[in-house]
Amino acid sequence: MHKHLRFFLIWAVIAAGALPALLSGEPNPATTPSPATTAPSATAWRTETAEQRAARLLWWHQAKFGMFIHWGTYCVPAGEWKGQQIPGLGEWIQHKAKIPVAEYEKFAAQFNPTKFDADEIVRIARDAGMKYIVITAKHHEGFAMYGSKASPYNIVDATPYRHDPLKDLAAACAKNGMRLGFYYSQSQDWHEPGASGNAWDFKFSEDAYDHYLREKVEPQLRELLTQYGPVAVVWFDTPQHMTPERADRLRAIVKELAPDAIINNRAGPGGGDYGTPEQRIPKIGQAGDWETCMTLNDTWGFKKSDHNWKSAKTLVQNLVDIASKGGNYLLNVGPTSEGLIPDESIARLAEIGKWMKANGDSIYGTTPSALPPQDWGRVTANAGKTFLHVFTPPGDEIPVKGFVGTPKAVWLLKDVDRTPLKTRTTADGLLITLPAASVDPIDTVIVVENSTD
Ligand code: H79
């Protein structure tokens with residue numbers, strides 16, 4: 001086993017090359033600090049030891065699975081402008097159709113999400129097996145989805161709804177042990193002169209940009225970190241024009257007001273706590289802490305015409321793939337202008353939840369396994385147990401490449417009686433018999449209690 005672990009680690013380090021991340025324009029994972037170091041954290045904006053950092057990130061590592069919520073006034077046009085379907089992401093409609101602020105603002109006046117039910121949303125997340133929620137407090141459109149004193153362009157002051165849904169969500173999360181985080185687009189703000197992104201209404205200047213950061217972004221960040229109870233995650237995005245100094249000002253606010261919060265790596269130069277592969281799952285061996293964010297269909301913000309839903313099988317296998325590589329999965333829902341999560345999303349999350357209820361032990365709190373990649377699926381590990389995730393059984397027997405010794409016990413995770421599965425050891429390693437009747441078409445999980453030799 002030990003010889004094998006060594007081989008795997010060397011191999012994983014080689015596989016962790018930064019090339020894919022560089023090509024995709026994402027921050028170099030090689031600069032993301034690893035929790036395994038004993039030196040003080042490499043994150044300049046934190047003065048904490050590796051142990052303190054590991055403790056701060058512990059819940060997040062154990063959680064593995066969270067809900068992303070993209071909700072803003074873009075759910076009113078829902079992908080359509082002046083009778084035309086606007087291609088691309090729903091939340092990008094203003095940019096894509098170059099809708100002038102004076103016209104786009106009218107969506108707020110039509111936004112009355114009276115069916116929004118924070119308890120129901122938290123229930124949907126919890127039943128799916130999700131342990132945290134990250135919601136858009138302000139996306140690139142510039143509209144605050146909460147009552148903000150720093151800008152009247154917010155859901156309390158600019159809509160007939162006149163109510164703060166983030167207050168409800170914070171209360172529902174607190175009641176249900178669900179961690180809550182805020183997404184905040186700090187650089188693009190298509191509503192504000194001086195901010196980044198809206199070249200059809202405004203002309204960008206560095207001075208005006210600093211004014212925007214100081215007068216809108218920094219006060220709003222302070223509001224979000226003081227008025228909603230503990231904030232578990234701050235999720236910045238698209239740091240165009242963010243210098244290290246500008247990013248440091250935001251990180252300092254987070255550190256001051258929410259010292260335990262985890263922040264993603266998109267505040268700007270200087271990084272954050274974790275990497276954010278978007279709409280993709282990294283190759284095995286990805287260095288540092290990371291979270292794949294992904295849509296259920298092809299859009300983040302609700303879009304009427306988007307019916308390209310991923311199957312529950314794909315979604316569960318994505319979560320397993322991610323957990324087997326040491327990452328987290330942040331899976332998005334885009335509520336409608338009524339405040340409802342689309343039925344197609346709810347159905348898929350419920351199916352994931354059903355699988356998670358029987359198989360969650362193979363996800364929560366796990367780490368990558370020291371075993372090499374297996375042809376039939378993925379492997380996770382936790383406290384002396386190895387979880388074999390069989391996606392495509394090669395036959396009645398599952399060969400476990402690289403497993404050395406005789407396991408103490410082998411059973412199906414979903415089997416509460418822990419009926420032993422038949423095993424045999426050959427020169428090629430361990431073989432486990434998986435009865436055809438036990439196969440779960442999504443992912444059959446076999447628990448191997450490791451041998452003590
Ligand atoms: O919030 C979600 C996206 O809206 C946001 N990040 C996730 C979490 C995001 N902003 N920018 N990007 C992702 C990447 C940039 C995409 C773009 Fe485009 C390509 C901008 C212009 C070309 C996609 C296609 C959006 C508009 C056209």
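For ligands, and for the atoms within them, numbers begin at 1 and follow the listed sequence. Nothing fancy with the numbering, it's 1 onward along the sequence.
- With hydrogens and angles disregarded, a donor-acceptor distance shorter than 3.5 Å links the side chain of Thr380 to the backbone of Ser362.
- Protein residues with any heavy atom under 4.0 Å from ligand 1: Phe68, His70, Leu89, Glu91, Trp92, His139, His140, Tyr183, Asp237, Thr238, Glu278, Trp300.
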Solution key, residues 86-103 side-chain donor-acceptor pairs under 3.5 Å, sequence neighbours excluded:
from: Glu91; atom 1: OE1; to: Gly301; atom 2: N; distance (Å): 2.9
from: Gln94; atom 1: NE2; to: Ile99; atom 2: O; distance (Å): 3.3

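- Within the structure, salt bridge (charged side-chain N to carboxylate O under 4.0 Å, His left out) pairs that include any residue of residues 363-382 comprise Asp321-Arg378, Asp375-Lys401 (at least two apart or interchain).
- Judged as a ring-ring contact (aromatic ring centres under 6.0 Å, His included), not a single pair has a partner in residues 349-376 (not counting sequence neighbours).
- Between Arg53 and Asp289, at least one side-chain nitrogen of the basic residue sits less than 4.0 Å from a carboxylate oxygen of the acidic one, meeting the salt-bridge criterion.
- Taking the ring axis of Tyr228 as reference, the NZ or CZ atom of Lys167 stays within 45° of it and closer than 6.0 Å to the ring centre.
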